[in-house]
Amino acid sequence: MAYCGATASTGSGGVASSSSHCCSISRLINFNFRSNQLLFSTAAGFRKRQFYVRSEAKPELKDAVTVKQGDASGIEKSKSDAEAVARRIKYHAEFTPSFSPEGFDLPKAYYATAQSIRDSLISNWNATYEMYERMNAKQAYYLSMEFLQGRALLNAIGNLELTGAYGEALTKLGHKLEDVVSQEPDAALGNGGLGRLASCFLDSLATLNYPAWGYGLRYKYGLFKQLITKEGQEEVAETWLEMGNPWEIVRNDISYPVKFYGKVVTGSDGKRRWIGGEDIVAVANDVPIPGYKTKTTINLRLWDTKVPPADFDLAAFNSGDHTKACESQANAEKICYILYPGDDSLEGKTLRLKQQYTLCSASLQDIITRFEKRSGENVMWKEFPEKVAVQMNDTHPTLCIPELMRILMDVKGISWKEAWDITQRTVAYTNHTVLPEALEKWSLELMQKLLPRHVEIIEMIDEELVNGIVSEFGKSDPELLEKKLNAMRILENVELPASIAELFIKPEETSAIDTSEVARVSNKDSVVDEEDESVESNEEEEAELQPAPIPPKLVRMANLCVVGGHVVNGVAEIHSEIVKQDVFNDFYKFWPDKFQNKTNGVTPRRWISYCNPDLSKIITKWTGGDDWVLNTEKLAELRKFADNEDLQSEWRAAKRINKLKVVSFLKEKTGYAVSPDAMFDIQVKRIHEYKRQLLNILGIVYRYKMMKEMTATERKDKFTPRVCIFGGKAFATYAQAKRIVKLITDVGVTVNNDPDIGDLLKVVFVPDYNVSVAELLIPASELSQHISTAGMEASGTSNMKFSMNGCILIGTLDGANVEIREEVGEDNFFLFGARAHEIAGLRKERAEGKFVPDPRFEEVKEYVRSGVFGPYDYDELIGSLEGNEGFGRGDYFLVGKDFPSYIECQEKVDEAYRDQKRWTRMSILNSAGSYKFSSDRTIHEYARDIWNIQPLELP
């Protein structure tokens, strides 16, 4: 591989010492296919080692398929290319050791096919890296705890323009391409929109030829595999790595030490050093990411964790204490077991913090090693921000800031002032949430134990920030100053420097304490005897004098992100305004130039071209070519044909093909039979109260209740047939979200087996929703629900995918819904609900007991409680919608407030769907208006406004 290798050193948590051996994989290992010998390169040349195989035919390297950038002329039509592909697949089927030699079943066919396409990727991958090394241009690094990749095979074949060749080759070998593709498990490296966005960004970065890499963790068991049983959601470990992963290349030559615990000491040179503690090793696993119609192939580097063999306690093992012998291995390996391990326990919190630090430390050590190598003998650290851009995808990688400071100061010997300047010019932060619980806060006590040096650095950053705030606002108005410090400090509930703290001491607090009162409290027996007071009165006074609970000391990671980076960006226009005017308002006033908007986007390759080929062909036909795949502004040309009857006919036919696929899928996965003639109404996303799947299912309950109160004729006249499809995972310890899943499945069991209702209404929960399921459901969707409480969804990206595929949205003015509605037209978006600026007032009104619920909402709640949907006790769930305030009460997400508007809007949906010509026109205009929401546009903006990087295109 043409990468710089770095092996772990035994330094004090510093950057690993690097042993550079950058050479192309073709110079490391060569296959001589004619003689079936494996040639190992040595300093003296090649030495032969007999490589015995059992082979009927011997594929030759000269038949390898190559693709010139932008050359789509004839690859899919060329018989010779298909034959060459078939030979490469046959070669890997025989020589790849993952399967026994007998037969060529689908799992083996998938693995061999993936290995064959990986050959092409590696060639381009090496060329891309060698160009980055040679040009030494600035490179962006995208750090994310999630990368929700989906299946890689079809995406890689499509981006290399080899779909036709591979389809024909596999047909010759007895399989269909789509059957082979279906064998690939989704990589369990993410959960929701955060990870899917990161993966779309990698696709766009490669396609647009930007020098960039992604960094993440290699989770062995993912988040979890979701099962739907009579009890609701159950979780089991993901099995995505059970048969191996043909796309990853384990880089045992690239590893870095990562330290936890220990202590900080001052050396004889005056430098602070972090010593002792627990040491692990992060090992690189690389996944090539190909661009579309380009040779550029970038890298997703995933870290796995282990310890050196020397840490295995052989003496303990031989003495029978096997658990102790393997303890260090177990502690290291579990860091990369699970995405978002439960954090209700101290152990869970510790593991999450270890994950975040592992990602940051290993990635930064790797980045710095690469910077030093490219700089040669003359390393100019002040130029680091001119060569490196680090993007933190949400707050999970926040520890990049103190870790970069630590390496620069403690390992590289740079002064605090210079290190801080370098860090602030290198790092940028994308905010993805306005939810307080998602703006991470870590226990200072836990962080001090786990990362003592980083806490020292964070305390110094906080002190500088405090001094800056005091300098800006002065000391003349202590009340204003205290407000600013409380909002902006990185450390929460931590003492201020004495010179500043004294400003906030009220005069009465400094007066002498009455000594007689102290005596009275300290000797309660004599007090009772001497004073004519009851014991009860004395106890009440004592209770009043008890000190208030000491609030925990916390590290506010989002504040550290804002202070430590040079840019903070939101991910939709309305979200970015909320970030500036609410979440970080004091920071925005302090540093207005730091804040930007970068509306999210999705890749049109995966989300139209590959997942919806029938629609893709129609778009290509009516826009005059496939340029739209790289330039989605061409989609807007569909607007002028929206009323064309021929286009409408083709459009409906493509939608029906996709619906029929989903009919078969639902039957296979859930056992439910649904009608393709019904409207497909879909809500698929992470299960959370703010996303309001509860509003959706209560709307369905209302619909069902109304149907049951009508005659068969009335039902048919009143309601449009619907298949209501849900999908998404509730976090394992999120009890309320799991109750919502349970309600959905219970409603489905009742409704789907009601002979009075038949095909008028079906409710289906798709288990274990993932990217591959999305690629099936989204092309078939006709209505999609994006109904979060206004002001609570940062952006959303599934709304963009649905719109691209001609689905009409029903939603609130939240996240990217606002911009989607502007682009597709107000008449082509079903809008309901309170607006973001109204939410605070509505919650205040509720807390004051002034909210009057709609009678229809009250009826629906009672209907659920009546037992119609089974014996499960829904009091906790329904109770959250009642009362005026308090934990788990008071309808914080305003389901009751928006319910009337929601069901009335659904009546408008029914009316519109009955007019299929109107509905199809709306569908076409949604696809046409989605042109803005390509991740290519988003990445161009990041590259220009935040990272300052330029495209590098391979010849």
Side-chain angles (χ1 to χ4, degrees), residues 76 163-164 178 604-605 607-629 631-666 674-682 716 719-723 725 759-760 762 774-784 800-810 820 823-830 908-931 933:
E76 299 195 358
T163 305
E178 56 266 34
R605 271 77 64 186
W607 292 111
I608 307 181
S609 185
Y610 303 150
C611 77
N612 199 346
D614 293 292
L615 182 64
S616 179
K617 291 173 185 174
I618 293 170
I619 294 172
T620 297
K621 173 184 173 181
W622 287 86
T623 61
D626 65 356
D627 296 352
W628 62 270
V629 180
N631 177 18
T632 51
E633 290 187 2
K634 295 275 288 183
L635 290 174
E637 294 182 12
L638 291 169
R639 287 172 174 157
K640 59 190 177 187
F641 304 115
D643 292 307
N644 185 287
E645 292 185 3
D646 291 336
L647 173 58
Q648 288 203 358
S649 178
E650 293 173 19
W651 201 269
R652 284 192 292 269
K655 183 66 72 174
R656 185 168 182 85
I657 289 170
N658 290 318
K659 290 176 71 174
L660 288 169
K661 292 177 184 176
V662 170
V663 169
S664 300
F665 170 78
L666 294 180
V674 302
S675 170
D677 297 322
M679 179 202 302
F680 279 20
D681 172 354
I682 300 178
K716 187 175 180 181
F719 294 103
T720 297
R722 286 204 199 194
V723 178
I725 301 171
D759 286 337
L760 266 182
K762 298 291 184 185
E775 290 171 346
L776 195 64
L777 294 181
I778 290 173
S781 62
E782 294 172 288
L783 180 75
S784 183
M800 301 171 185
K801 298 162 196 166
F802 280 102
S803 184
M804 276 186 175
N805 283 271
C807 179
I808 300 154
L809 308 187
I810 179 172
I820 290 173
E823 297 299 334
V824 305
E826 295 181 5
D827 294 340
N828 305 306
F829 184 106
F830 293 104
K908 296 177 183 176
V909 172
D910 279 355
E911 179 185 352
Y913 193 78
R914 291 189 190 101
D915 184 347
Q916 277 296 290
K917 185 174 181 180
R918 174 191 171 193
W919 188 272
T920 306
R921 183 180 189 276
M922 294 171 72
S923 175
I924 293 168
L925 290 173
N926 263 268
S927 287
S930 70
Y931 71 92
F933 303 103

Residues, nucleotides or ligands: over 12 heavy atoms within 6.0 Å of Q916 CD: yes

More than 12 heavy atoms from other groups under 6.0 Å of CD on E645: no

Distance-only donor-acceptor check, side chains N612 and N658, under 3.5 Å: yes

Within-4.5 Å side-chain heavy-atom neighbours: E633 and W628: no

Value rounded to 0.5 Å, distance of CG in N644 from CG in L638: 11.0 Å

D643 side chain reached by R921 side chain, heavy atoms, under 4.5 Å: yes

Nearest-0.5 Å distance that lies between atom OG1 in T620 and atom CG in D626: 5.5 Å

Spatial distance of atom CG (L635) from atom CD (E823) [nearest 0.5 Å]: 12.0 Å

Salt-bridge present (K617, E650; N to O < 4.0 Å): no

Verdict with reasoning, F933 to S803, per side chain to side chain contact (heavy atoms under 4.5 Å, CB included): CA-CA 9 Å; F933 303 103; S803 184; 5.9 Å; no

Heavy-atom check, side chain of S930 versus side chain of M800, under 4.5 Å: no

Gap separating the OG atom of S781 from the NZ atom of K655, nearest 0.5 angstrom: 4.5 Å

Y610 vs S616 side-chain heavy atoms within contact, under 4.5 Å: no

Any L615 side-chain heavy atom under 4.5 Å of P779 side chain: no

Derivation and outcome, side chain to side chain contact (heavy atoms under 4.5 Å, CB included), residues M804 and Y931: CA-CA 8 Å; M804 276 186 175; Y931 71 92; over 6 Å; no

Verdict with supporting geometry, I608 and S927, side chain to side chain contact (heavy atoms under 4.5 Å, CB included): CA-CA 10 Å; I608 307 181; S927 287; over 6 Å; no

For S675, all residues meeting side-chain contact (heavy atoms from CB on, under 4.5 Å), sequence neighbours excluded: D677, D759

Side chain to side chain, M679 and V909, heavy atoms closer than 4.5 Å: yes

Residue list, ring-ring contact (aromatic ring centres under 6.0 Å, His included) with F665, at least two apart or on another chain: none

pair F829-L925: side-chain heavy atoms closer than 4.5 Å: no

Nearest-0.5 Å distance that lies between atom CD1 in I808 and atom CH2 in W919: 4.0 Å

Close side-chain approach of L783 to Y913, heavy-atom, < 4.5 Å: no

Residue pair T720 / D910: nearest heavy atoms and the distance that separates them: OG1-O, 3.2 Å

Where A642 and I924 come nearest, the two heavy atoms and their spacing: O-CD1, 3.8 Å

Heavy-atom closest pair, residues N926 and N828: ND2-O, 3.1 Å

Nearest non-hydrogen partners of A928 and R639, listed with the distance: CB-CG, 3.6 Å

Separation of L777 CG from K801 NZ (nearest 0.5 Å): 12.0 Å

